[in-house]
Amino acid sequence: MPDRPEIVCLCGSTRFVDEMRAANRDLTFAGVIVVAPGEADELITTEQKTALDALHLRKIDLADRVLVVNPGGYVGESTSREIAYARATGKPISFTDP
């Protein structure tokens, strides 16, 4: 029995905000600590996007595993980079859609 709850990092396109929130809710109610991408209500600058992308890799570092939220199998450029990073660091990865 682990001495702390599992930590899962959500990855996926920000276009799937509703699906991300649903995965976050479901995992949280299952007793999992969820780390998710940051959300912005407005357009962000290139510099902010770069900083958020780097921050998300640190979130992957904190996680025990990664869950890719990919409705319809969609995986974009940023998510592909995050998956490659997670694989390179040995994190188990699962997908919401095959």
Side-chain angles (χ1 to χ4, degrees):
M1 183 67 141
D3 59 349
R4 66 163 173 76
E6 179 184 36
I7 301 171
V8 173
C9 182
L10 298 181
C11 294
S13 173
T14 54
R15 73 179 69 175
F16 301 130
V17 64
D18 292 337
E19 292 88 344
M20 290 273 212
R21 287 178 180 158
N24 191 332
R25 181 192 61 239
D26 294 347
L27 287 166
T28 298
F29 280 117
V32 172
I33 296 170
V34 179
V35 254
E39 289 186 33
D41 291 333
E42 67 283 337
L43 290 175
I44 61 172
T45 66
T46 302
E47 292 78 16
Q48 288 171 320
K49 167 92 169 92
T50 300
L52 289 175
D53 287 349
L55 181 64
H56 199 70
L57 297 182
R58 302 295 73 81
K59 292 178 180 182
I60 292 170
D61 290 337
L62 292 172
D64 298 313
R65 68 180 174 97
V66 168
L67 175 62
V68 179
V69 178
N70 64 323
Y74 177 83
V75 174
E77 186 180 323
S78 290
T79 304
S80 292
R81 266 195 315 275
E82 292 163 0
I83 292 167
Y85 180 82
R87 284 194 175 123
T89 58
K91 300 289 176 175
I93 304 165
S94 57
F95 297 81
T96 57
D97 285 37

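It should be emphasised that the depicted structure is a prediction, and the values quoted were computed from it without experimental measurement.
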With a 4.5 Å heavy-atom cut-off, do [X] and [Y] have their side chains touching?
X: Lys59; Y: Pro37; answer: no
X: Asp53; Y: Arg81; answer: yes
X: Thr96; Y: Glu19; answer: no

Quick one: closest heavy-atom pair of [X] and [Y], and the distance?
X: Ser78; Y: Lys49; value: OG-NZ, 2.8 Å
X: Cys11; Y: His56; value: SG-NE2, 3.4 Å
X: Pro5; Y: Gly31; value: CB-O, 3.2 Å
X: Ser80; Y: Val75; value: OG-CG1, 3.4 Å
X: Ile44; Y: Ala40; value: CG2-CB, 3.7 Å
X: Leu27; Y: Arg65; value: CD2-NH2, 4.0 Å

Same apolar cluster (I L V M F W Y, side chains within < 4.5 Å links), [X]/[Y]:
X: Tyr85; Y: Leu52; result: no
X: Val35; Y: Ile33; result: yes
X: Leu67; Y: Ile60; result: no
X: Leu57; Y: Ile93; result: yes
X: Val69; Y: Val34; result: yes

Leu62 atom CG: more than 12 heavy-atom contacts under 6.0 Å: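 Correct, the count exceeds 12.
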Stepwise side-chain contact (heavy atoms from CB on, under 4.5 Å) check, Ile83 with Phe95: CA-CA 10 Å; Ile83 292 167; Phe95 297 81; 3.8 Å; yes
Derivation of the side-chain contact (heavy atoms from CB on, under 4.5 Å) call for Glu82 and Val66: CA-CA 9 Å; Glu82 292 163 0; Val66 168; over 6 Å; no
Value rounded to 0.5 Å, distance of CG in Asn70 from CZ in Phe16: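 Here the rounded value is 7.5 Å.
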Side-chain (Thr45) to main-chain (Gln48) donor-acceptor, under 3.5 angstrom: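 Yes, Thr45 side chain to Gln48 backbone: donor-acceptor pair under 3.5 Å.
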Steps toward side chain to side chain donor-acceptor pair (under 3.5 Å) verdict (Arg25, Thr28): CA-CA 5 Å; Arg25 181 192 61 239; Thr28 298; over 6 Å; no
